[in-house]
Structure formats: structure tokens, C-alpha cells
Number of protein chains: 2
Amino acid sequence: MDHWFVTMDGSLKARWEKAFPNAQPSTPNVIEKNARSGDLVWVATTVVSWQQLTQRLALMGVTVVILSYAPNDKEALKALDLGGRGYVHTLATADVLKQVALVVTNQGVWVGQELLAKVIGGTFKALSRRTEEVSTAGSDYLDLLTERERGVALAVARGATNKEVARQLEITERTVKAHLSAIFKKLAVRDRLQLMLKLSSTRELASY
Amino acid sequence: MDHWFVTMDGSLKARWEKAFPNAQPSTPNVIEKNARSGDLVWVATTVVSWQQLTQRLALMGVTVVILSYAPNDKEALKALDLGGRGYVHTLATADVLKQVALVVTNQGVWVGQELLAKVIGGTFKALSRRTEEVSTAGSDYLDLLTERERGVALAVARGATNKEVARQLEITERTVKAHLSAIFKKLAVRDRLQLMLKLSSTRELASY
DNA sequence: AAAAATATTGTACTGATGGACAGAAATAGG
DNA sequence: CCTATTTCTGTCCATCAGTACAATATTTTT
């Protein structure tokens with residue numbers, strides 16, 4: 001996994017070097033050829049076409065974090081909507097940058113807490129009204145499964161591959177398959193697709 | 001700063017011990033007397049009164065993370081609304097738990113990425129409608145597809161295999177694959193599982 | 001104590017899946 | 001008339017998913 005910092009002139013700020021000694025500077029023109037899926041690319045909003053660049057890189061499977069000199073909620077939402085996984089002030093300290101990297105490379109999303117509070121506060125009421133009557137509906141197929149099987153079933157229901165489930169639960173892929181076979185038999189479904197449908201019919205799914 | 005795990009019986013799962021050797025198990029009755037401002041308390045939703053407990057602990061200045069066996073958006077928002085700083089799957093690995101701790105003890109908020117995407121996606125659309133800068137107006141991903149692609153997408157979302165879709169639409173399996181490839185690219189998903197999730201999440205988002 | 005359930009991992013196989021190259025015909029808009 | 005879009009199809013190949021045989025260790029139940 002490589003680190004790239006994309007600016008207009010390919011300069012590498014001292015702060016970034018301190019946080020990631022192995023990071024490489026790059027420019028908008030060449031980053032799309034050099035970056036590969038799984039890499040972490042930091043894109044400055046001083047790059048003229050940072051939005052298109054973010055979108056394309058995200059589609060490539062690249063983890064993108066946007067660096068802005070003047071962070072604001074609207075730009076942050078735009079960045080995340082385009083597939084960016086983080087939005088940080090360009091002048092963030094090395095410590096913060098390292099933490100951001102840790103979070104986004106582990107399937108997390110980094111976003112300023114003021115924005116998050118604002119968004120969650122506003123959304124909660126509308127969303128809870130909508131789901132109130134549905135959420136506590138009875139028959140739960142998950143009760144038929146063992147604790148470990150539940151973990152596997154929930155991960156699969158979120159769209160994870162066997163390999164991903166194995167990594168998440170810290171077991172081998174073979175064990176995941178074993179659990180899945182048991183799950184399929186217990187819930188009488190033929191594959192993971194039907195499992196998703198069966199589970200999503202009774203509950204809303206989210207992940208960690 | 002102390003770590004506490006609150007369950008009904010005060011048990012301490014092996015996974016938690018691995019993540020935090022110094023963590024202490026506790027029960028709802030005594031945690032309010034023992035925890036102090038700045039402490040990190042993990043509360044399982046199996047605790048009957050986890051909501052009141054979360055609220056009271058948060059008001060005390062305690063950092064609270066909620067652990068749920070069956071995470072869902074509504075519960076997550078409720079947890080955060082009550083002052084919780086994180087919402088994680090009970091079966092999260094030690095690595096994930098450690099990362100959550102790192103984030104929440106550093107003024108961060110931990111929330112599932114699907115929920116975040118939903119909330120951000122919803123807010124972004126509302127926001128851009130208001131400012132009228134970004135058009136797209138495509139609330140439904142199906143609008144991005146051609147008629148034939150829509151048929152394939154819907155069949156797949158119902159859990160059909162390629163062979164079944166082919167029979168239903170009276171085309172060859174190869175053609176189904178071609179449509180699917182186009183669908184994956186247009187909707188920026190990696191496989192049929194993610195397609196199912198994407199389509200089912202739009203329906204839920206219809207209200208905002 | 002014995003039996004059952006649970007959790008884990010192994011190899012080998014078949015069928016399904018998705019991408020990499022494609023090409024060909026029909027239709028609609030300029 | 002030309003071009004772009006849509007629809008349909010082909011082969012090859014690497015990877016994934018699920019099963020068929022397993023076996024072993026731990027925990028729980030009887």
C-alpha cells in the first residue's frame with residue numbers, strides 16, 4: 001500500500017513527510033497512472049480538478065482523503081459524496097494525519113465532528129419517525145444461529161466476501177465457509193444472496 | 001482513564017480482554033458509581049436500560065460506546081443522540097475495538113460507514129437542492145440505467161443468478177453478464193451483492 | 001462420563017461470477 | 001448520412017463460492 005500526496009506542483013510539505021516518510025509527491029496528471037487499488041491518496045483542493053480526480057480514484061478502489069485549506073461543511077459533503085473517505089485541514093498536524101490514515105485504511109471514514117453532530121442531529125428525528133413501527137418486528141432468523149454464525153451472517157449480509165469476513169473475524173476463509181454452510185442449512189437458503197434477502201426482510205443492517 | 005465493559009452479568013468477552021487487558025467488567029447497577037469523567041465505558045445493548053444508562057453516563061462526562069449484536073441505523077442514531085460517542089458491533093475484532101477507543105478518546109465519533117454514507121448522501125442532496133448548484137436530482141440509481149439494464153438489476157436485486165435472469169428475460173447468460181458489467185460500472189459497485197445493497201438503500205432513503 | 005454442539009482448519013472439486021479482449025445489428029438524434 | 005446508444009452475443013481466463021469428503025479441540029448438555 002503506497003501513500004501519495006497530490007498537489008499542483010508535486011511538492012511535498014514537511015508536515016506530510018514527517019507523518020509518512022514513505023509518501024510520494026505526485027501531480028493530478030500522473031497519479032491516475034501510478035496509484036493502484038488499495039493505495040492511499042491525499043488530494044489537495046488546490047488541485048483544479050480535485051472533484052473529478054477524487055471520483056475517478058475512488059472508482060479505482062483507491063482510498064482518497066481530501067485536504068482543504070479552508071474546510072467547510074458543504075465541501076466536505078461534496079468530497080465524501082464523490083467517494084472520498086476523509087476530509088482534513090491541509091495544515092493538520094502529523095499526528096492527526098497519521099490517525100486519519102489509520103481510520104480510512106481500515107474501512108473508516110474521517111469527518112470533522114462538528115459536521116457529524118450537525119448532520120446526525122438533524123437527521124435523527126426524521127429517520128427515527130420513519131423506522132419506528134418497523135424496527136421491532138418479531139421473527140428474527142438470527143436467533144436460530146450461534147454467536148459465531150451470527151457474526152458471519154451479518155458480515156455477509158452487509159455484502160462482504162468470504163475473504164473479508166475472514167479478516168474481520170480473524171479466522172481463515174475455510175472456517176467462514178464452514179459457518180456459511182451451516183447458516184444456509186439452518187435458514188434454508190441456497191446462497192449468500194438469498195441470505196441477504198432473508199435477513200434484510202426483518203431488520204435493517206449496518207456495519208461497524 | 002479507565003476502561004469498563006457493561007453487560008448484564010458483568011462478563012468480559014475474550015475479545016475485549018485481548019483488546020484492552022486493563023479493562024474491567026461491570027454491571028448497570030454499579031457502573032454509575034464507579035465510572036468517572038474521562039473514563040471510557042462500553043455498554044452492550046443487551047443491558048435492559050442501556051439508553052438511560054448511556055444518557056446519564058454521557059452527562060457525567062464519561063465517554064460511552066454502545067455495543068450491539070444487531071446494529072441498525074435507528075439504534076445507532078438513538079445511541080449517538082443520547083450522547084454516545086460510538087456505536088460498534090459486539091463481535092467487532094480486537095483491532096477494531098482498539099481503533100474505536102483511539103478515535104473516541106480523541107474527540108472523535110465512531111459510526112458505521114453505511115449509516116454515515118446514508119446520512120451524508122441524504123444531507124448532501126438536500127443541501128445541494130437548496131443551493132441549486134448541483135443538479136443530478138437522481139434520487140434513484142435505477143434512473144442511471146437503460147431499460148434493459150434496469151430489468152437485469154431488479155432481477156439480480158431479488159437474488160436471481162445469471163442463469164435465472166437469462167431465462168426470465170429470454171436472453172443468453174452472456175448478455176446478462178454484459179448488462180451487469182455496465183451496471184457495475186455505472187453504479188460504481190464491485191459485484192451483485194453491493195448492487196443489492198445499493199438498490200435497497202435507495203428505497204429506504206426515499207423519504208429524505 | 002458420555003454425547004452433542006460448537007469452532008476451527010485442511011484438500012479437492014464443480015459451477016458461478018466478472019473482466020478482457022472482443023464483434024454485430026438496430027435505433028435514434030444530429 | 002453519420003454517430004452514438006442500446007441490445008445482444010462470442011471465447012478465454014482468473015477468481016470466488018459452495019460442497020464433499022474430511023479431522024481436531026473445546027465447551028455445553030444430558
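All values below come from the heavy atoms of this structure, side chains included, with hydrogens, waters and symmetry mates left out. Quick note on labels: first sequence line is chain A, next is B, and so on, each numbered from 1.
Taking five base pairs at each end of the helix from C/dA1-D/dT30 to C/dG30-D/dC1, the local helix axes there meet at an angle of 50°, rounded to 10°.
With A/Trp42 as the partner, the ring-ring contact (aromatic ring centres under 6.0 Å, His included) test is satisfied by one option alone out of A/Trp16, A/Trp50, A/Phe5, A/Tyr87: A/Phe5. Exactly one residue among B/Val152, B/Leu180, B/Thr172 makes a side chain to side chain contact (heavy atoms under 4.5 Å, CB included) with B/Asn162. That residue is B/Leu180.
What separates CG of A/Leu144 from P of C/dA5 is a distance of 15 Å, to the nearest Å. We find that CD of B/Glu147 is positioned 15 Å from C1' of C/dA28, with the value rounded to whole Å. As rounded to whole Å, 12 Å separates atom P of C/dT6 from atom CD1 of A/Ile183. Distance B/Arg148 CZ to C/dA26 C1': 14 Å, rounded to the nearest Å.
Among all heavy-atom pairs drawn from A/Ala35 and A/Leu57, the shortest one is CB-CD2, 4.4 Å.
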Atom pairs under 3.5 Å: protein N/O with N/O of nucleotides 16-20 of chain D:
{"unit_1": "D/dG18", "atom_1": "OP1", "unit_2": "A/Arg192", "atom_2": "N", "d": "3.0"}
{"unit_1": "D/dG18", "atom_1": "OP2", "unit_2": "A/Arg192", "atom_2": "NH1", "d": "2.6"}
{"unit_1": "D/dG18", "atom_1": "N7", "unit_2": "A/Lys177", "atom_2": "NZ", "d": "3.0"}
{"unit_1": "D/dG18", "atom_1": "O6", "unit_2": "A/Lys177", "atom_2": "NZ", "d": "3.2"}
{"unit_1": "D/dT19", "atom_1": "OP2", "unit_2": "A/Ser181", "atom_2": "OG", "d": "3.1"}
{"unit_1": "D/dA20", "atom_1": "N6", "unit_2": "A/Arg174", "atom_2": "NH2", "d": "3.4"}

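Put simply, the side chain of A/Lys186 never gets that close to the backbone of A/Leu145: no donor and acceptor are under 3.5 Å apart. No donor-acceptor pair closer than 3.5 Å links the side chain of A/Glu75 to the backbone N or O of A/Ser68. A side-chain donor-acceptor contact under 3.5 Å links A/Glu164 to the backbone of A/Thr161. In this structure a side-chain-to-backbone donor-acceptor pair under 3.5 Å is missing from B/Arg190 to B/Leu195. Side chain of A/Lys198 to main chain of A/Leu187: a donor-acceptor pair is present (N/O by atom type, distance under 3.5 Å, no hydrogens or angles).
For the pair A/Lys186 and A/Ile171, nearest-nucleotide mapping onto DNA chain C gives the more 5' position to A/Lys186.
Note on A/Thr172: a side-chain N or O is less than 4.0 Å away from OP1 or OP2 of C/dT9. Here A/Thr146 reaches the OP1 or OP2 of C/dA7: one of its side-chain N or O atoms lies under 4.0 Å away. Residue B/His179 places at least one side-chain N or O closer than 4.0 Å to OP1 or OP2 of D/dC8.
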What do the steps show when you test A/Thr45 against A/Gln51 for side chain to side chain contact (heavy atoms under 4.5 Å, CB included), and what is the final call?
CA-CA 8 Å; A/Thr45 54; A/Gln51 298 194 357; over 6 Å; no
